[in-house]
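For reference, the structure is listed below as C-alpha cells.
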Amino acid sequence: MSVRAGRPLERAFFRGDTQSVAEKLLGARLVHTALEGTTIGRIVEVEAYLAEDDPASHSARGPTDRNASMFLAPGHAYVYLIYGLHHCFNVVTARAGAGAAVLIRALEPLAGLELMMERRGALRPRDLCSGPGKLAQAMGLTRAHDGRDLTSGAIHLLPPEPGWRGGPVAASRRVGISKAAERELRYSLASCPWSSRP
DNA sequence: GCAGGGATTTTCT
DNA sequence: GAAAATCCCTGCG
C-alpha cells in the first residue's frame, strides 16, 4: 500500500449530517480484502436514508433483527438482503442509535477486476458494479459483513487520490421506493459512465 | 433497444 | 397476502 493510497476514513468522517456524508463519499474508494483477493471500487453513486422524517428508510419503524446495524455507531456496515437474493451495502452515518445510512449504489471498478468478474460471471467491466446488488456481489459483501466496523479491518474506505477531480454532483430521486419518492436524496457524479443509470 | 416476469427473505397490513 | 433501497433472462422489434 503506497503513501498515496491514504489512511482509511475515520469515524468522524461518517458522523453528522447524512446528506453531507453521502456527498462526501462520492469519489472515495471502497476496499475489501478477502481470502480470494482484494477488490477496490470508487464510489460514484449513493443514496441517503435519514434517521428522521424518512418513511423510506428501513429504520423508520425502529430497530428489528434485520436493521439493527443501522443503529450502530457511524462508520459501521449495514448489509441486508433484498428481494430474497441480492445484497445491498450501506454505511451507517449520523450518530449511534439514530438509524441513518448511505446506500452505495454504484462503483467504478479500480482493482481486482478479474476477481469481480469471477464472482459475477464473465461480464463487461461496465456491468460489474453498476447497481447496489451488483457491487455487493462483485466486492464479495454479504450479510456475513453486516455490522462490521469500517474504520479498521478488511473492509474500509480510502479518500479520493490527491488530484482526483470528480466534477459536478447531481441530485435526483431515490430508486425503487414509493414512500417519500419525491425527495432528491440520490447523489451521483454527473455524466459518469459507471453509474447504475443515467 | 425495451417490456415483462421470476427468484426468494423480511416485514407489515 | 403483498410489497420491497434488485437483477437477469426471455421475447419481440
Side-chain angles (χ1 to χ4, degrees), chain A residues 14 17-19 21-23 25-26 28 30 39 41 43-72 74 76-94 98-109 113 115-148 150 155 169-189 192-198:
Chain A
F14 305 100
D17 180 69
T18 299
Q19 298 176 62
V21 175
E23 282 202 60
L25 279 170
L26 292 175
L30 177 62
T39 46
I43 298 173
V44 299
E45 182 180 352
V46 299
E47 282 177 2
Y49 287 90
L50 311 182
E52 294 169 0
D53 296 323
D54 186 4
S57 174
H58 285 179
S59 63
R61 278 177 281 262
T64 65
D65 286 344
R66 178 211 214 185
N67 69 12
S69 299
M70 257 187 115
F71 296 86
L72 295 174
H76 283 78
Y78 168 45
V79 186
Y80 67 90
L81 192 60
I82 187 67
Y83 298 111
L85 60 162
H86 298 295
H87 293 279
C88 290
F89 177 79
N90 300 247
V91 179
V92 177
T93 62
V102 173
L103 169 69
I104 310 302
R105 281 197 57 87
L107 303 173
E108 171 190 352
L113 269 69
L115 179 52
M116 290 184 183
M117 289 191 276
E118 204 173 296
R119 284 168 172 157
R120 297 258 308 123
L123 292 168
R124 299 175 305 168
R126 282 187 62 122
D127 296 324
L128 289 177
C129 299
S130 54
K134 298 181 195 179
L135 73 89
Q137 186 183 19
M139 296 289 294
L141 300 169
T142 69
R143 275 176 69 191
H145 305 103
D146 184 49
R148 290 281 187 91
L150 302 175
I155 310 169
V169 171
S172 52
R173 293 180 171 206
R174 293 177 292 183
V175 176
I177 59 170
S178 55
K179 297 166 192 159
E182 73 289 349
R183 303 187 68 175
E184 299 201 325
L185 292 173
R186 175 162 63 114
Y187 304 96
S188 55
L189 297 178
C192 174
W194 305 101
S195 300
S196 73
R197 53 190 64 203

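Naming convention: chains lettered A, B, ... in sequence-line order (proteins, then strands); numbering from 1 in each chain. Keep in mind that what you see is a predicted model, and the values were worked out from it rather than measured.
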Report the nucleotide, chosen from [options], that has the shortest atom-to-atom distance to any side-chain atom of [X].
X: A/H58; options: C/dA5, C/dC7, B/dT11; value: C/dA5
X: A/T64; options: C/dA5, B/dT11, B/dT8; value: B/dT11
X: A/S178; options: C/dT6, B/dT11, C/dA4; value: C/dA4
X: A/K134; options: B/dT9, C/dC8, C/dA5; value: C/dC8
X: A/I177; options: C/dC7, B/dT9, C/dA5; value: C/dA5

How close or far is atom [atom2] of [N] from atom [atom1] of [X], stated in whole angstroms?
X: A/D127; N: C/dC7; atom1: CG; atom2: C1'; answer: 11 Å
X: A/L123; N: C/dC7; atom1: CG; atom2: C1'; answer: 11 Å
X: A/R143; N: B/dT8; atom1: CZ; atom2: P; answer: 16 Å
X: A/H86; N: B/dG6; atom1: NE2; atom2: P; answer: 15 Å
X: A/K179; N: C/dA2; atom1: NZ; atom2: C1'; answer: 12 Å
X: A/Q137; N: C/dC8; atom1: CD; atom2: C1'; answer: 11 Å
X: A/L85; N: C/dA4; atom1: CG; atom2: C1'; answer: 12 Å
X: A/H87; N: B/dT9; atom1: NE2; atom2: P; answer: 11 Å

Are A/Y187 and A/Q19 packed together at the side-chain level, in the sense that at least one heavy-atom pair is separated by less than 4.5 angstrom? yes
With a 4.0 Å cut-off on heavy atoms, is [X] in touch with a base, just the backbone sugar-phosphate, or nothing at all?
X: A/R120; value: sugar-phosphate
X: A/G133; value: sugar-phosphate
X: A/R66; value: sugar-phosphate

Assigned partner base of B/dT8, Watson-Crick or wobble definition, under 3.5 Å: none
Any strand, both distances under 3.5 Å, Watson-Crick or G-U wobble: C/dA5 pairs with none
Will you find, in the side chains of A/Q137 and A/R119, an N or O donor that is under 3.5 Å from an N or O acceptor? no
C1' atom, C/dA5 versus B/dC2: distance in rounded Å?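 It comes out at 24 Å once rounded to the nearest Å.
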Using modelled atom types only, decide if a donor and an acceptor are shared between the side chain of A/N67 and the backbone of A/H58 within a distance under 3.5 Å. yes
Applying the 5.5 Å / 30° rule, does A/Y83 stack onto the base of B/dA7? no
Give a yes or no on whether a salt bridge exists between A/R174 and A/E47, defined as a side-chain N under 4.0 angstrom from a carboxylate O.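 Between A/E47 and A/R174 there is no salt bridge, as every charged N stays at least 4.0 Å from the carboxylate O atoms.
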Would A/D146 and A/R143 pass as an ion pair if we require N to O under 4.0 Å?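 So A/D146 does not pair with A/R143 through a salt bridge.
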